[in-house]
Structures are given as structure tokens and as C-alpha cells.
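What follows is one structure encoded as C-alpha cells, with my remarks underneath.
Atom set for the values below is all heavy atoms of this structure, side chains included, hydrogens, waters and symmetry mates excluded.
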Amino acid sequence: MDLKSDLPFWPVKNGLLRCYPPLKSDEDCDVAILGGGITGALVAHRLTQEGLSVVLVDRREIAQGSTSASTALLQYEVDTHLTDLAEMIGKDAAVRAYRLCSNAIDQLAEIVSGLDDACDFERQPSLYLASQPQDIPALQTECELRARHDFPVRWRSTLDIRNEFGFEAQGGILSQQAAAVDPFRLTHRLLEAGLNRGLRVYDRTTVLAWKSTGTGVELTTDRDAIIRAKVMVFANGYEAQTALREKIVTLKSTYALITAPDQPQVWKQPCLIWESARPYLYLRRTAEGRILAGGEDDPFRSPARRDAQLDLKKNRLLERLKSLFPDFLLESEYSWAGTFGETKDGLAYIGPSPEIANAHFALGFGGNGITYSVIAAEILSDLIQGRPNEDAHLFRFGR
């Protein structure tokens, strides 16, 4: 299935960063990872740091799936409000899930600092806007709950937003814990760092089948090569659903555009912006001064139907940008569509499934998949090496 269409910005901006070969001969390793996007790269980075031998394969070229279509707004907020998540799984568990996502941004900053390339990683605050006046009470309650649990948030009124950011809005939550990054470049840099620790990477390699061998797992590829591993990790996003009977994800189509570089500073303070409407508009600036915006989500039906909507959705996103910033001339330079997954509670699925022996999953669904991937790398590192992890239950299968 096509994960994205047209011209996602990141591969265009970065070009061909590195070529990897397809797998043509047998490999033995501790861990075999399926998926060469940001999730697989983060997991491989952590496991090779722990001294494990890792083989990573992807049926596409590296980072050319969902990662290339990501808008890479790094937030600790999941798509389910903390107030709502507390009702679903209990307050303590909900706060812990939010805390893990917040910590993941700090961990990612540390990871990037250890690379030769900062990958345009930049800490910025996040502004969560009330789309309609009737959304204000729920967002104020959300802000108060987060503040009680020491998340760095403040309520900003219409006047505050006008004075501090220079545009009109009903009000919103200003959070100091957020960031932005180039996910395509980061994926490549993580894998390059892993190569220095013995990581083996193969793209254009399709895993056709796998089977448990009692002591591990054996994967068969499309060129008749065999990967023998002690454990395998599914880091291939919503495509992993095809390997499972348990329904864990609902598919959505999303749309994005990016403006030309050196746009005017249409909002005063650098920050990520998103809104309470569902589906929500979300936007950020890039290192080149472009405005990157996404949203207009709808139920996924097929790549063809998703792609046919691209021009219409792009124009709607552009109109929403213009309504938010009416004093500026904004034009789209690139636009693209992608498919992503949502879970019933907004949380990722991380760890083993009873359906497949000797396998773990790192599935960071929703709007903050990159922060979930940082969490997954830590949890899986523990589980694969037989260490307890007190947070794994939050993301378990069958919940």
C-alpha cells in the first residue's frame, strides 16, 4: 500500500543522503527490525548502543514511507486529552503516559546532540488553540489538570495571543515542552551512527514470511535470503496490522503543504500551533523559514481516493492559513498526502503480542509517533534483554 503521494518535502529538501543495498545473502543477528523509518532507526540506535547485533530491512528505500510525509511536530500531548485519558485508563496511568512523552522530547534532544548533524532539531513552545468559543472550558480544565501535575503550561487569552503571537484566536494552552525536527534526515543520521556499531541495513527488501524456531525467529525475504534472529521487531507502522488479528488501529488520510522559503514571520514567537477542532489544523516553521501545515484528515479508503483529494485538501489548508493570517500572502510550494493510524485511546502499541512468538512491536500511532518511538526504543531495549520495565503495561496489546 502506498503510504504517501506526490512530493513530500523532506526527500526533496535533503536529496539522496545514503544508498543501502538489498539483502542478497543470509544474516544472523540478535534482533531483526522490519521498517526503515524513524521508528526503526530509533529502535536500532538504542539496541546497538546496548551492544546487540541488529539487522534492519525495509521494502522501500530508507525513510521513504510515512517518515517522509511526517510534519514532525514533537509534542508530549497525545491526541486524547489528559482529562479524557484519565477517565479511560486512570489518572495515574494517564499522567505517566503524558510524562513519558514529555521525557521523550528531552531524550531525543540528547540523542541528536550525540550525532554529527543536528537535523534541524529545535526546541519550541506549543500553542494549542481553542477553535470555537465553546471549546474554551474544556481546554481550560485540561490546562489546569496538566498544571497540577507540573507540566509547564499556561492559559493564554485572546489578548495574550494577540500581543505575544500577533494573530487572533479564542484562547489556548501554551506549553513550553515541544520541538521540531527534520525526520528524514534524522532517520538517516541515526542509521549511519548505528553502522559504526555494527548495524546492518538493507532496503528494497521485502520480508515474505516468518516463523518461530523455538529459540528465535526465521525471516524469509523476496530474494530467498534468510534472516535468523533471536527476536524480531515490527516497526512498520500501520502495515503491521496485516500481521495481527487484534484490531489495534483505525486508518486516516491526512494532507500537508509547505510554503516557499523565507516567508514573513506571520506569528511573532517561534512555536508549534495546533487546534482543538477534530480534525485539527497543525503548523510549524522550518529552518528555511517555510510554513509547514497539515490536517484536513478523513477516513482512509484507498490510496487512489486519498490522492484524488489532494488538490482540494491543499486549497482548504491554504484557506485556513489565510484566515488565521489574513495580512500575509501565503502560497503552497509542495503538497502531499499520507496515511496514518489512530488508536482507541491515543496511545501507542509497544511490546509483544500473544499472536506472534519471539516478536515485539513498536507502533507509534497518532499525532506524536516520533515521541512514541523514543519510548518504544527504551521499553523494547529492556524487554528484549529480559529486564523489567514498569511502563510497558501502558502500551500493551489487549488493553
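- Taking both residues in full, the closest heavy atoms of Leu321 and Ala293 are given as CD1-CB, 4.0 Å, listed atom of the first, atom of the second, then distance.
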Take Leu74 and Asn368 through the side-chain contact (heavy atoms from CB on, under 4.5 Å) test and state the conclusion after the steps. CA-CA 6 Å; Leu74 307 180; Asn368 53 340; over 6 Å; no

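- Between Pro125 and Leu174, the shortest heavy-atom distance links the atoms CB-CD1, 4.0 Å.
- Residue Val43 is grouped with residue Val31 when hydrophobic side chains (ILVMFWY) are merged at heavy-atom distances under 4.5 angstrom, including chains of intermediate members.
- Summarising the local packing, NZ of Lys13 is surrounded by more than 12 heavy atoms from other residues, nucleotides or ligands at distances under 6.0 Å.
- For the pair Ser102 (side chain) and Arg99 (backbone), a donor-acceptor distance under 3.5 Å is absent.
- Screening residues 155-164 for side chain to side chain donor-acceptor pair (under 3.5 Å), with sequence neighbours left out, gives Arg156-Glu164, Ser157-Asp160, Arg162-Glu168.
- Remark: Arg185 fails to qualify as a cation-pi partner of Phe121 under the 6.0 Å distance and 45° angle criteria applied to the six-membered ring.
- No side-chain heavy atom of Trp10 sits less than 4.5 Å from a side-chain heavy atom of Thr187.
- Pro352 and Leu383 make their closest contact through CD-CD1, 4.1 Å (heavy atoms, listed as atom of the first residue, atom of the second, distance).
- The side chain to side chain donor-acceptor pair (under 3.5 Å) analysis of residues 121-137, with sequence neighbours excluded, yields the pairs Gln75-Ser126, His81-Tyr128, Asp106-Arg123, Glu122-Gln124, Arg123-Gln177, Ser126-Trp274, Tyr128-Arg278, Ser131-Glu275, Ser131-Ser276, Asp135-Ser276.
- Following chains of ILVMFWY side-chain contacts shorter than 4.5 Å, one cannot reach Ile111 starting from Leu191, and the two form parts of different hydrophobic clusters.
- No donor-acceptor distance shorter than 3.5 angstrom exists from the side chain of Asp30 to the backbone of Leu52, with no hydrogens or angles considered.
- The number of heavy-atom neighbours closer than 6.0 Å to NZ of Lys268, taken from other residues, nucleotides and ligands shown, is above 12.
- Shortest non-hydrogen contact noted between Leu394 and Leu347 is O-CD1, 3.7 Å.
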Given side-chain contact (heavy atoms from CB on, under 4.5 Å), test Val55 with Tyr202 step by step and report yes or no. CA-CA 8 Å; Val55 170; Tyr202 303 97; 4.0 Å; yes

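- Gln241 contributes a side-chain N or O that, together with a main-chain N or O of Glu246, makes up a donor-acceptor pair within less than 3.5 Å.
- A 4.5 Å side-chain heavy-atom check between Arg320 and Glu296 finds at least one atom pair inside the cut-off.
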Can Asp28 and Asp26 be said to form a side-chain contact (heavy atoms from CB on, under 4.5 Å), step by step? CA-CA 7 Å; Asp28 292 274; Asp26 293 357; 5.5 Å; no

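- For the 3.5 Å distance criterion, the side chains of Thr80 and Asp345 fail to qualify, holding no donor opposite an acceptor.
- Nearest heavy-atom pair, Leu42 versus Ala377, reported as atom, atom and distance to 0.1 Å: O-CB, 3.6 Å.
- Separating the CG atom in Leu47 from the CD1 atom in Ile33 is a distance of 5.5 Å, to the nearest 0.5 Å.
- One hydrophobic cluster, built from ILVMFWY side chains closer than 4.5 Å, holds both Leu292 and Val12.
- Under the 4.5 Å side-chain heavy-atom criterion for grouping Ile, Leu, Val, Met, Phe, Trp and Tyr, Tyr280 is not connected to Leu129 through any hydrophobic cluster.
- In summary, Asp391 and Arg96 engage in a salt bridge, as defined by a charged side-chain N under 4.0 Å from a carboxylate O.
- Tested against Trp267, the residues Phe328, Phe325, Phe167 include a single ring pair (Phe, Tyr, Trp, His ring centres under 6.0 Å) partner, Phe325.
- Residues Arg60 and Arg204 form no side-chain contact, since every pair of their non-hydrogen atoms from C-beta on lies 4.5 Å or further apart.
- By the neighbour-count criterion of 12 heavy atoms within 6.0 Å, atom CZ of Arg387 is densely surrounded, having more than that number from other residues, nucleotides or ligands.
- For an aromatic pair to be called close, the ring centres must be under 6.0 Å apart, and Phe9 with Phe184 fails this.
- Side-chain contact between Ile173 and Glu142: present, with at least one pair of heavy atoms (C-beta onward) separated by less than 4.5 Å.
- Under the 3.5 Å distance criterion, the side-chain polar atoms of Lys247 are matched with a main-chain donor or acceptor of Val249.
- Residues passing the side-chain hydrogen bond (donor to acceptor under 3.5 Å, both in side chains) test with Thr39 are Ser373, sequence neighbours excluded.
- Partner of Val57 under the side-chain contact (heavy atoms from CB on, under 4.5 Å) criterion, out of Asp203, Leu219, Ile227: Ile227 alone.
- The closest side-chain heavy-atom distance from His360 to Ile384 is below 4.5 Å.
- In terms of modelled atom types and a separation under 3.5 Å, the side chain of Arg396 and the main chain of His393 share a donor-acceptor contact.
- A donor atom on one side chain and an acceptor atom on the other are not found under 3.5 Å apart for Thr259 and Glu333.
- Ring centroids of Phe365 and Phe340 are separated by 6.0 Å or more, keeping the two rings apart.
- The ring of Trp336 has its center no closer than 6.0 angstrom to the ring center of Tyr255.
- Classification of Glu192 and Arg189 as a salt-bridged pair holds, one side-chain N sitting under 4.0 Å from a carboxylate O.
- Formation of a donor-acceptor pair under 3.5 Å by the Arg284 side chain with backbone atoms of Thr71 is found in this model.
- Residues Thr205 and Tyr20 have side chains that never bring a donor and an acceptor to within less than 3.5 angstrom of each other.
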Test side-chain contact (heavy atoms from CB on, under 4.5 Å) applied to Ile291 and Ile258, step by step: CA-CA 6 Å; Ile291 298 172; Ile258 194 164; over 6 Å; no

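- In this structure, CZ in Arg306 is found 12.5 Å from NZ in Lys313, a value given to the nearest 0.5 Å.
- A donor-acceptor distance shorter than 3.5 angstrom exists from the side chain of Tyr98 to the backbone of Leu82, with no hydrogens or angles considered.
- Nearest heavy atoms, Cys271 versus Leu127: SG-CB, 4.2 Å.
- Looking only at distances, a side-chain donor or acceptor of Asn389 sits under 3.5 Å from a matching main-chain atom of Ala392.
- Taking the six-membered ring where the residue is Trp, Phe361 and Phe234 present parallel rings, their angle staying beneath 30° rather than reaching 60°.
- Side-chain contact, Tyr76 with Arg146: a donor N or O sits under 3.5 Å from an acceptor N or O.
- Looking at heavy atoms from C-beta onward, Cys101 lies in side-chain contact with Tyr372 at the 4.5 angstrom threshold.
- A side-chain N or O of Ser381 and one of Gln385 form a donor-acceptor pair less than 3.5 Å apart.
- Checked by atom type and distance alone, the side chain of Thr206 never pairs as donor or acceptor with a backbone atom of Leu208 at under 3.5 Å.
- With Asn358 contributing its side chain and Gly216 its backbone, the two residues share a donor-acceptor pair below 3.5 Å.
- Arg197 and Thr48 share a side-chain donor-acceptor pair at under 3.5 Å.
- Atoms CD and CG, from Glu239 and Leu251 in turn, are 10.0 Å apart once rounded to the nearest 0.5 Å.
- Put simply, the side chain of Ser66 does not reach to within 4.5 Å of the side chain of Thr339, judged on heavy atoms.
- Two residues are said to be in side-chain contact when any heavy atoms from C-beta on lie closer than 4.5 Å; Leu115 and Leu190 meet this criterion.
- Hydrophobic clustering keeps Val207 apart from Leu56 (ILVMFWY residues linked when any side-chain heavy atoms are closer than 4.5 Å, directly or through intermediates).
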